[in-house]
Amino acid sequence: MKSLTLGRIVYLIYFFLIGGPLLVLATIVCCLTIIIASYTGAPASFISQATKLWSWTCLAVSLCRVEVRGRENLPTSDAPCVVVANHQSAYDIFVLNAYIGIPFKWVMKSELRRLPLVGKACEAAHFIFVDETRVSSIAQTIEDAKKVLATGNSIFIFPEGSRTETGRLTRFKKGAFVMASELDVPILPVTIDGAFEVLPRGTYLPHPRRVVLTVHPAFHMSEQGTPPAHIPASARLAQQTIASALPAEG
């Protein structure tokens with residue numbers, strides 16, 4: 001077992017006594033706020049601001065700093081897109097929620113709906129759930145995504161499907177690109193670097209680290225060839241683009 005440094009011991013004492021309780025409290029308050037807001041007919045912008053404040057709070061109490069690069073590549077609010085990002089840890093959600101700066105809805109695995117309170121809040125926020133084990137669920141996901149885009153929201157997807165086990169980028173699944181093709185919207189690649197060091201998969205106590213969020217230029221899938229070849233070509237391009245802002249794998 002790796003020995004703890006003095007700095008790590010001090011951080012853990014802080015997190016157990018202050019940071020962790022504040023993170024849990026912020027999550028409960030945010031979930032309840034979203035659920036109540038949905039029943040009272042609050043505007044979507046209110047829910048978006050609530051999740052943004054929650055995510056910023058969770059990062060702040062964890063003592064994590066975020067640097068955003070490529071803000072000029074963000075689309076305007078009237079030009080929704082499918083945002084694809086690498087998935088390093090649970091903290092990716094906080095980083096994207098707090099700093100991406102565009103209205104959006106998540107595409108989430110259906111099993112996340114069962115999370116206590118959080119699942120209900122995600123339903124109330126009209127996030128999109130997909131059951132990858134059922135072919136019929138994909139068609140329903142695309143229909144739900146069309147409704148989201150019609151409201152001016154973009155769609156966020158982790159094309160790796162789940163968090164990386166090693167911190168390295170894994171193969172992209174094609175679902176996000178099939179969706180973007182069906183919806184005829186551009187792909188916006190986003191790189192998250194540093195979140196794995198904050199909370200590697202299988203661990204529960206974060207480390208205070210700097211996370212860099214890089215927004216790359218969007219591209220249209222039609223530029224990558226004709227259907228259906230444009231789908232794997234777009235997946236490769238997105239993966240290469242995201243990898244370009246990550247440290248070289250040694």
Under 3.5 Å, side-chain donor or acceptor atoms of residues 49-58 against the rest of the protein: list the pairs with distances, not counting sequence neighbours.
unit_1: Thr51; atom_1: OG1; unit_2: Ile47; atom_2: O; d: 3.4
unit_1: Thr51; atom_1: OG1; unit_2: Ser48; atom_2: O; d: 2.8
unit_1: Trp54; atom_1: NE1; unit_2: Thr27; atom_2: OG1; d: 2.9
unit_1: Ser55; atom_1: OG; unit_2: Thr51; atom_2: O; d: 3.0
unit_1: Ser55; atom_1: OG; unit_2: Asn97; atom_2: ND2; d: 3.3
unit_1: Thr57; atom_1: OG1; unit_2: Leu53; atom_2: O; d: 2.8

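- Classification of Arg114 and Glu111 as a salt-bridged pair fails, no side-chain N sitting under 4.0 Å from a carboxylate O.
- Residues Ser162 and His87 bring no donor and acceptor atom of their side chains to less than 3.5 Å of each other.
- Residues Pro80 and Asn153 are not in side-chain contact: their nearest non-hydrogen atoms beyond the backbone lie 4.5 Å or more apart.
- Looking at Glu67 and Arg210, a side-chain N of the basic residue comes within less than 4.0 Å of a carboxylate O on the acidic one, giving a salt bridge.
- Listed by first and then second residue, the ring pair (Phe, Tyr, Trp, His ring centres under 6.0 Å) pairs that reach into residues 181-219 come to none, sequence neighbours excluded.
- Side chain of Gln88 to backbone of Ala195: a donor-acceptor contact under 3.5 angstrom is found.
- A perpendicular orientation is assigned to the rings of Phe94 and Tyr91, their planes being inclined by more than 60° (bins at 30° and 60°).
- Taking hydrophobic clusters as Ile, Leu, Val, Met, Phe, Trp and Tyr residues chained together by side-chain heavy-atom distances below 4.5 Å, Val10 does not share a cluster with Leu12.
- Hydrophobic cluster of Val24: the remaining members, joined at side-chain heavy-atom separations below 4.5 Å, are Ile28, Leu32, Ile35, Tyr39, Leu117, listed by chain and number.
- Under the 4.5 Å side-chain contact rule for hydrophobic residues, Val66 and Ile93 share a cluster.
- Checking side-chain atoms of Lys120 against main-chain N and O of Cys31 turns up no donor-acceptor pair under 3.5 Å.
- Leu96 and Ile34 are not part of a single hydrophobic cluster, where members link through side-chain heavy atoms under 4.5 Å apart.
- Within a 6.0 Å sphere centred on OH of Tyr14, other residues, nucleotides and ligands contribute more than 12 heavy atoms.
- Ser234 and Gln224 share no donor-acceptor pair across their side chains, judged by distance under 3.5 Å alone.
- Taken together through direct or relayed side-chain contacts under 4.5 Å among Ile, Leu, Val, Met, Phe, Trp and Tyr, Leu25 and Val118 form parts of separate hydrophobic clusters.
- Counting only distance, with no hydrogens or angles, the side chain of Ser62 and the backbone of Cys64 share no donor-acceptor pair below 3.5 Å.
- Within a 6.0 Å sphere centred on CZ of Arg65, other residues, nucleotides and ligands contribute 12 heavy atoms or fewer.
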